[in-house]
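In what follows, a single structure is set out as structure tokens and then discussed.
Within every chain, numbering begins at 1; the chains are lettered A, B, ... in the order of the sequence lines, protein sequences first and strands thereafter. These numbers were taken from a predicted model, which means no experiment stands behind them.
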Amino acid sequence: MAELLYREALNQALREEMRRDPRIFLMGEEVGFYNGAFKVSKGLLDEFGARRVIDTPITEGGFTGVGIGAAMVGLRPIIEMMTFNFAILALDQIVNNAVKVRYMSGGQLAVPIVIRGPGGPSRQLAAQHSQSLESLFCHIAGLSVVAPATPRDAKGLLKSAIRQNNPIIFIEGQELYSTKGDVPDGDYTIPIGRAEVKREGADVTIIAWSKMLLLALRVADDLAKDGVNAEVVDLRTLKPVDYDTLLGSVRKTGRAVIVEEGWKFCGVGAQIATDLYHRAFDAFDAPVERVTGYDVPMPYAKHLEQLALPTAERVIEAVKKTLYR
Amino acid sequence: MAELLYREALNQALREEMRRDPRIFLMGEEVGFYNGAFKVSKGLLDEFGARRVIDTPITEGGFTGVGIGAAMVGLRPIIEMMTFNFAILALDQIVNNAVKVRYMSGGQLAVPIVIRGPGGPSRQLAAQHSQSLESLFCHIAGLSVVAPATPRDAKGLLKSAIRQNNPIIFIEGQELYSTKGDVPDGDYTIPIGRAEVKREGADVTIIAWSKMLLLALRVADDLAKDGVNAEVVDLRTLKPVDYDTLLGSVRKTGRAVIVEEGWKFCGVGAQIATDLYHRAFDAFDAPVERVTGYDVPMPYAKHLEQLALPTAERVIEAVKKTLYR
Amino acid sequence: MSPAERLELYRQMVLIRRFEEKCAEMYALAKIGGFCHLYIGEEAVAVGAISVLRPDDYVLSAYRDHGHCLAKGSDPKRVMAELFGKQTGLCKGKGGSMHLYDVERRFMGGYAIVGGHIALAAGVAFGLTYQQQDQVVLCFFGEGAVPTGVFHEAMNIAALWKLPVLFVCENNRYGMGTPVERASAIYDIAQTALAYDMGHSTVDGMDVLAVHEAVGRIVTDMRRTPRPYFLEARTYRFMGHSMSDPAHGHYRTKAEIDEHKKRDPILLFGQRLIELGEANADRLRTIDAQMQQVVQGAIDFADTSPPAPPEELFTDVLA
Amino acid sequence: MSPAERLELYRQMVLIRRFEEKCAEMYALAKIGGFCHLYIGEEAVAVGAISVLRPDDYVLSAYRDHGHCLAKGSDPKRVMAELFGKQTGLCKGKGGSMHLYDVERRFMGGYAIVGGHIALAAGVAFGLTYQQQDQVVLCFFGEGAVPTGVFHEAMNIAALWKLPVLFVCENNRYGMGTPVERASAIYDIAQTALAYDMGHSTVDGMDVLAVHEAVGRIVTDMRRTPRPYFLEARTYRFMGHSMSDPAHGHYRTKAEIDEHKKRDPILLFGQRLIELGEANADRLRTIDAQMQQVVQGAIDFADTSPPAPPEELFTDVLA
Ligand SMILES: Cc1ncc(C[n+]2csc(CCOP(=O)(O)OP(=O)(O)O)c2C)c(N)n1
Ligand SMILES: Cc1ncc(C[n+]2csc(CCOP(=O)(O)OP(=O)(O)O)c2C)c(N)n1
Ligand SMILES: [Mg+2]
Ligand SMILES: [Mg+2]
């Protein structure tokens with residue numbers, strides 16, 4: 001067990017997996033000589049060389065397509081989006097090629113590709129650089145989407161993502177890179193598709209992922225002082241959803257609040273809420289509450305940006321609503 | 001009142017609006033000399049000339065950006081996507097420019113642009129050409145999304161879309177172009193953001209849009225023989241959602257089935273179901289049922305394609321579930 | 001190239017022609033559905049170019065892909081069965097006309113998003129270089145794909161990284177109803193390679209030997225010194241853009257088509273073989289008859305093959 | 001061009017330089033946040049090019065946009081207030097450093113998706129042509145945008161439709177840490193225009209008069225005969241890519257930067273003015289002092305301005 005930064009944990013996962021399997025390569029903007037825009041790939045060029053750690057021109061669609069093509073001939077590409085904002089430019093390659101080549105070919109091909117990078121709003125980066133796009137990817141049939149919140153989950157989930165054989169979206173919290181946490185030594189994996197109860201409680205279930213998990217845990221502590229004992233579930237994998245864990249929790253608490261940093265309409269929270277109702281209609285003592293980013297482009301000004309995103313106050317208010325307080 | 005094809009109704013809307021306002025132009029692939037891949041723009045080049053009916057190279061991102069730029073200097077572009085499958089290539093322009101320029105400029109600019117074209121799975125066109133992408137657009141803050149099911153709604157809603165001052169996604173049913181319906185003569189509009197009860201009933205509410213409305217109405221007739229009196233609500237505008245109409249119906253029936261042709265996860269139906277529960281938790285006598293396309297790429301083979309999409313059988317089954325039959 | 005090899009080229013072109021003529025019939029009978037884009041008139045490009053390749057070289061194409069797939073050696077039976085949407089099709093009926101795949105023969109697919117597969121082709125070439133293999137990749141696409149952004153992104157990457165991919169632009173003068181003059185700022189499409197310091201040239205796409213020789217030179221050089229190349233093949237589509245499009249909409253005249261049909265690649269090559277004394281009219285007729293039999297065999301196979309079982313809807317989504 | 005006009009160019013370059021030096025300070029004090037990309041070293045490009053324009057001509061830029069915005073005549077006070085995220089900013093604090101807009105002055109925005117705004121610029125030019133107006137559009141972007149697909153789509157459309165847009169590529173040799181040699185298959189970026197039969201040339205981006213003259217010729221011609229043009233301005237960024245990037249990461253040496261600083265555009269132009277006898281050292285020092293005052297005034301204005309009220313979060317989403 002060592003205390004590592006989230007970015008260091010990801011770096012370890014990349015390094016260990018690349019040592020294990022020579023078919024794995026890392027491709028993206030500034031991943032090599034620059035050691036990564038957020039230093040996640042620090043030192044990888046030195047260790048693995050320019051053949052396996054490849055800097056690209058600014059062509060997200062192009063190099064994502066290149067990664068898919070390489071996967072079609074047996075390689076295992078890891079494509080870094082400098083930030084997920086730019087993945088929109090690769091969306092056609094992801095939607096129409098990465099996830100469909102296998103099906104269209106009747107199973108002749110597989111596309112084991114990890115598309116990873118930082119996501120989520122980040123300090124005053126404004127409308128074009130500050131947004132949560134995970135729900136867009138979650139809608140696509142055949143895509144798995146992962147969004148770890150802790151260094152331990154980041155390393156273990158990235159290893160699982162790299163080892164599985166299908167296109168997967170791996171969204172790192174841009175604001176989490178410098179957060180610390182205990183990480184088991186050496187090789188371990190965290191299974192894809194498993195949520196985790198990060199805090200036990202009996203009164204209400206707060207469901208969150210990525211940066212919002214930290215908010216949820218903070219809120220849970222505040223609520224405890226108020227005598228409200230909140231259970232906090234870290235979704236970790238957004239798709240496929242681990243309904244067993246979620247249902248186990250809401251059956252116990254009868255109440256759920258979903259905290260989501262992105263836009264509300266057609267967000268992941270909508271899917272989860274609907275499915276929970278559908279599978280445990282009678283378990284709910286109150287409607288599911290959703291706390292999300294507001295449906296506006298992200299403003300630059302700090303004070304407006306803070307208002308645009310979920311706050312502790314809004315989460316607490318939502319929890320109290322579920323408790324009819 | 002005249003009976004028109006869906007495509008003819010759209011053609012009338014385009015023609016009448018272009019006559020009304022010289023700032024409106026139509027741009028896209030094959031919209032001019034070819035009269036439109038689906039003949040929606042038939043005759044417009046002859047009437048308005050190549051200055052206002054503009055054929056483009058195959059560059060969805062590029063010409064959508066051109067449209068946005070033109071809107072920034074006072075024009076009112078209508079951008080045709082030959083099919084909405086290709087709009088993915090324009091998504092960055094839509095998400096990061098069309099819907100954000102106004103906000104980023106602090107209100108100095110407006111972007112009155114209509115992005116329209118056929119959407120939805122269509123006869124054996126297979127994975128890359130046969131999919132429903134409306135939910136992707138619905139997730140984007142600041143975007144309105146319209147999907148008319150009848151010739152009357154198509155004309156009236158397209159006129160409203162053209163006259164409003166913001167980016168709007170207008171999805172025509174690729175399989176509806178040759179359907180017929182009564183269309184009022186001359187100039188009329190249908191307001192954006194208003195659903196319509198297309199069939200009254202008291203036992204269950206079936207919510208659908210675009211091609212799925214026709215399925216819902218057919219099913220409602222079958223159910224009637226079974227003594228089940230279904231109300232069918234045509235969403236028409238997917239965002240913003242007309243909750244007054246939806247709530248009016250479910251408060252009456254206590255049961256809802258949402259029929260959606262696209263993929264289930266993070267689909268429009270998830271948002272609607274969650275919101276209905278949230279606003280009328282106690283109105284429901286049964287969980288909302290969703291009938292959607294299965295989460296697979298679209299197969300080419302006809303018999304598999306049919307299985308991939310919502311069928312009358314699946315809708316009826318869902319209705320019966322809500323009735324505990 | 002030996003007389004036998006030349007006859008083989010003729011055989012392939014005739015096979016593709018007869019195969020697709022039947023496709024048109026079968027489409028009319030609704031045995032084939034979806035979008036179906038015929039390659040009739042352009043056969044010399046696929047046949048001439050692919051004839052240069054080793055079996056382990058790779059080919060990717062757009063949606064007008066029947067010819068490339070057959071030229072790469074796929075069994076006409078399984079191709080036709082795919083078009084019929086049958087279990088015995090190359091892709092179990094899941095891909096259809098626009099998405100043929102035959103990975104065993106290194107035919108890596110037909111793609112329906114214009115330009116999208118060009119990046120994949122560069123990726124396949126990247127994969128080969130990464131694994132220090134000496135195969136090459138041929139990527140076919142229409143001139144309509146040249147304005148697309150992804151084409152340019154792939155061109156730059158391929159040139160920058162010296163990837164062994166030959167970009168074969170099948171310039172048939174039209175993208176659906178749009179003549180190249182109204183879609184591209186340059187008429188001489190090969191000129192686009194200047195933006196990437198990439199080797200480039202133009203070849204008569206109606207002359208199968210010219211294509212064979214040009215691609216031969218390029219591929220030999222590419223195996224020696226890996227680097228991409230851009231080849232513009234001037235050709236012409238005799239049929240409509242797809243089965244749902246008339247042969248001549250008002251975007252081109254029947255006279256124009258007839259003019260081009262005088263240079264029908266099969267006609268030209270047949271005459272050439274006769275001039276060379278490598279075949280006579282009878283021999284050519286025999287080949288034609290044989291190919292018609294092969295195609296009929298494919299039809300029968302497809303017709304009598306079972307459809308994929310319903311479970312197939314949910315398979316092949318994930319590996 | 002008159003001596004007074006030349007002095008005005010000098011004044012503008014110094015204003016931008018002093019303005020951005022203060023930005024760096026204010027960023028360190030956390031009065032400015034987000035990504036902040038300084039233009040220091042590249043001032044001659046924006047000032048030389050925009051000095052040619054009429055007030056009703058249009059300019060668009062990428063995220064390194066302070067210089068273009070100021071050169072187009074925006075009030076330094078409102079620009080600085082925008083960077084401070086204040087209500088009095090050009091965009092009420094909603095845009096920030098990467099998204100400055102001053103529509104009254106026809107500065108149509110700074111954009112942060114590399115390449116994305118190039119299509120918008122073509123669109124503005126399309127809109128002008130559509131309305132039969134004779135303005136021109138200047139679109140600034142870095143050499144890192146040249147590989148992007150949208151750049152190429154816009155180039156082809158602009159050339160095909162003869163749109164009055166001047167593409168000004170500010171080639172400062174690096175895209176973040178990537179030297180142009182590792183991002184582009186061509187070193188002479190202007191060559192990219194060959195793929196579109198578009199007029200193109202390269203100019204010394206450290207020489208404000210050279211830029212002024214080159215753009216002058218191009219714009220005069222463009223007003224007479226509307227058609228796009230591609231100008232590569234060779235320049236150099238003295239600071240890091242953004243405030244969060246050191247001036248020289250290990251991607252370039254301090255020595256390299258110092259070498260380029262010898263050709264600091266303000267230094268060069270000051271010497272030139274003295275040679276021309278149009279200014280002496282004192283005069284230049286006075287201008288400098290004046291500009292420092294202007295910048296201080298902007299800081300004070302921004303500092304004392306109120307933030308936007310909370311309701312502003314929800315305004316300007318829809319028109
Ligand atoms: C990105 C995209 N936009 C539009 C289309 C619709 N479309 C299909 S084929 C075609 C014309 C392509 O012409 P070309 O590339 O010259 O190939 P050809 O059909 O002539 O062989 C178009 C516009 C598409 N499939 N993909
Ligand atoms: C589509 C996209 N990909 C990646 C980025 C991240 N990024 C921001 S600036 C930049 C480098 C751009 O270099 P260049 O175009 O030369 O402009 P310069 O910064 O040198 O002025 C990159 C990669 C982005 N903003 N947009
Ligand atoms: Mg063509
Ligand atoms: Mg640069």
Under a 4.5 Å heavy-atom cutoff, which of M298(A), H129(A), R123(A) has the most pairs with chain D?
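So the answer, after comparing M298(A), H129(A), R123(A), is H129(A).
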If you count heavy-atom pairs within less than 4.5 Å of chain D, which of L89(A), N85(A), L125(A) leads?
L125(A)
Distance (rounded to the nearest 0.5 Å) between [X] [atom1] and [Y] [atom2]:
X       : Y       : atom1 : atom2 : value
L304(A) : F314(D) : CG    : CZ    : 10.0 Å
C36(D)  : Q124(A) : SG    : CD    : 11.0 Å
S122(A) : F35(D)  : OG    : CZ    : 6.5 Å
E305(A) : K94(D)  : CD    : NZ    : 14.0 Å
I58(A)  : S184(D) : CD1   : OG    : 11.5 Å
I54(A)  : R182(D) : CD1   : CZ    : 12.0 Å

For residues D245(D) and Y34(A), is any side-chain donor paired with an opposing acceptor at under 3.5 Å?
yes
Does any donor atom in the side chain of T178(D) or E30(A) lie under 3.5 Å from an acceptor atom in the other side chain?
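Side-chain D/A pair, T178(D) to E30(A): present.
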How about I32(D) and Y300(A): do any of their side-chain heavy atoms sit closer than 4.5 Å?
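Contact flag for I32(D)/Y300(A) side chains = yes.
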Which portion of I88(A) sits near chain D, non-hydrogen atoms under 4.5 angstrom
neither
Could you tell me which portion of F86(A) (side chain, backbone, both or neither) has an atom closer than 4.5 angstrom to a non-hydrogen atom of chain D?
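The answer is the side chain of F86(A).
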Is atom NZ of K302(A) surrounded by more than 12 heavy atoms (other residues, nucleotides or ligands) closer than 6.0 Å?
no
Decide if atom CD of E104(D) counts as having more than 12 heavy atoms of other residues, nucleotides or ligands within a radius under 6.0 Å.
no
Chain A contact via [X] - which portion, at a heavy-atom distance below 4.5 Å:
X       : value
Y111(D) : both
H250(D) : side chain
M98(D)  : side chain
Y251(D) : side chain

As an exercise: rank [options] by heavy-atom pairs under 4.5 Å with chain A and give me the winner.
options                            : value
V317(D), I113(D), V146(D)          : I113(D)
L313(D), V150(D), L318(D)          : L313(D)
A112(D), P307(D), P309(D), S244(D) : A112(D)

Where [X] and [Y] come nearest, the two heavy atoms and their spacing:
X       : Y       : result
G85(D)  : A301(A) : O-CB, 3.6 Å
A37(A)  : M176(D) : CB-CE, 4.4 Å
A126(A) : G95(D)  : CB-O, 3.7 Å
T59(A)  : P147(D) : CG2-O, 3.3 Å

Kindly indicate, with the supporting measurements, whether the criterion side chain to side chain contact (heavy atoms under 4.5 Å, CB included) is fulfilled by D316(D) and V296(A).
CA-CA 9 Å; D316(D) 305 323; V296(A) 299; over 6 Å; no
